[in-house]
Amino acid sequence: MFFERFNELAKKENTSVNAIAKVLVLSSGSVTAWKNGTKPSVSTVYKIANYFNVSTDYLLGRTDDPTPKDAEAILEGLPLSPEQQELLNLVSNFNEVELLEVLNHVRYVKSKRT
């Protein structure tokens, strides 16, 4: 489903999946793998969804609604501590590299709990 949606979105922009992959600095080999059924990484799904301004769920075929949901809408109604809310606010504008750094640190902190 991922590749079909990716291809459909590219066609709507009168371009190809390979041209989009090049813009997003993704390999053409990855595009071929996706066409053959391999699933992309989470970070790749986010990149492509952001490029087309669609939700990741739409891109993955989990919904037919392409409208991206913002973090506030998703988290609305969930009980968050002030620290959790602050963390979300701090990382909401991070780029992919910064998010990966934070994620790696969080994984390290979590690994020390065991």
Side-chain angles (χ1 to χ4, degrees):
M1 178 56 81
F2 166 79
F3 183 79
E4 290 80 8
R5 289 273 166 97
F6 181 30
N7 193 36
E8 168 192 313
L9 290 165
K11 284 181 180 179
K12 283 182 181 177
E13 292 205 357
N14 295 318
T15 190
S16 70
V17 290
N18 284 321
I20 304 262
K22 187 174 182 177
V23 168
L24 297 176
V25 193
L26 303 168
S27 74
S28 60
S30 293
V31 173
T32 301
W34 304 331
K35 187 175 183 179
N36 293 326
T38 301
K39 297 194 188 304
S41 70
V42 172
S43 63
T44 296
V45 172
Y46 279 113
K47 266 187 190 180
I48 295 170
N50 285 334
Y51 178 86
F52 289 111
N53 194 32
V54 297
S55 72
T56 55
D57 282 342
Y58 176 78
L59 196 54
L60 294 170
R62 295 180 183 152
T63 182
D64 291 330
D65 180 7
T67 309
K69 309 293 185 246
D70 64 11
E72 287 182 34
I74 292 168
L75 295 171
E76 188 173 300
L78 293 178
L80 296 176
S81 71
E83 292 80 10
Q84 290 170 321
Q85 186 62 53
E86 181 182 5
L87 181 61
L88 287 173
N89 291 339
L90 288 170
V91 301
S92 66
N93 292 318
F94 280 15
N95 65 38
E96 186 176 344
V97 172
E98 293 166 330
L99 284 172
L100 288 173
E101 286 181 43
V102 170
L103 182 59
N104 286 333
H105 185 70
V106 169
R107 287 178 178 150
Y108 169 73
V109 170
K110 185 178 179 184
S111 74
K112 291 178 19 178
R113 290 183 7 186
T114 58

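Throughout, numbering of the chain's residues begins at 1 and tracks the sequence.
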Side-chain touch R5/F52, heavy atoms, less than 4.5 angstrom
no

Would you say Y46 ends up clustered with I48 if hydrophobic residues are merged whenever their side chains have heavy atoms under 4.5 Å apart, either directly or through other cluster members?
no

Go through the side-chain N and O atoms of S55 and D57 and say whether any donor and acceptor fall under 3.5 Å apart.
no

Side-chain heavy atoms nearer than 4.5 Å, only ILVMFWY residues, links allowed to pass through others: does that put V91 and V106 together?
yes

For S16 and A10 the tightest heavy-atom approach is C-CB, 3.8 Å

Here the gap from K110 atom NZ to H105 atom NE2, rounded to the nearest 0.5 Å, amounts to 14.5 Å

Pick out which of L26, L59, L24 makes a side chain to side chain contact (heavy atoms under 4.5 Å, CB included) with T44.
L26

Side-chain contact test, heavy atoms from C-beta onward, threshold under 4.5 Å: evaluate it for N18 versus K22 and give yes or no.
no

Could you see if L9 belongs to whatever hydrophobic cluster contains V23? Use Ile, Leu, Val, Met, Phe, Trp, Tyr and a side-chain cutoff under 4.5 Å.
yes

My understanding is that only residues two or more places apart in sequence, or in another chain, count here; which of them pass salt bridge (Lys or Arg N to Asp or Glu O under 4.0 Å) with E8?
K12

Check: F3 and V17 side chains under 4.5 Å, non-hydrogen atoms
yes

Which atom of D65 lies closest to which atom of T67, heavy atoms considered:
OD1-OG1, 2.8 Å

Quick one: ring-ring contact (aromatic ring centres under 6.0 Å, His included) partners of F2, sequence neighbours excluded?
F6, W34

Supply the atom-to-atom distance I20 CD1 to K47 NZ, rounded to the nearest 0.5 angstrom.
13.0 Å

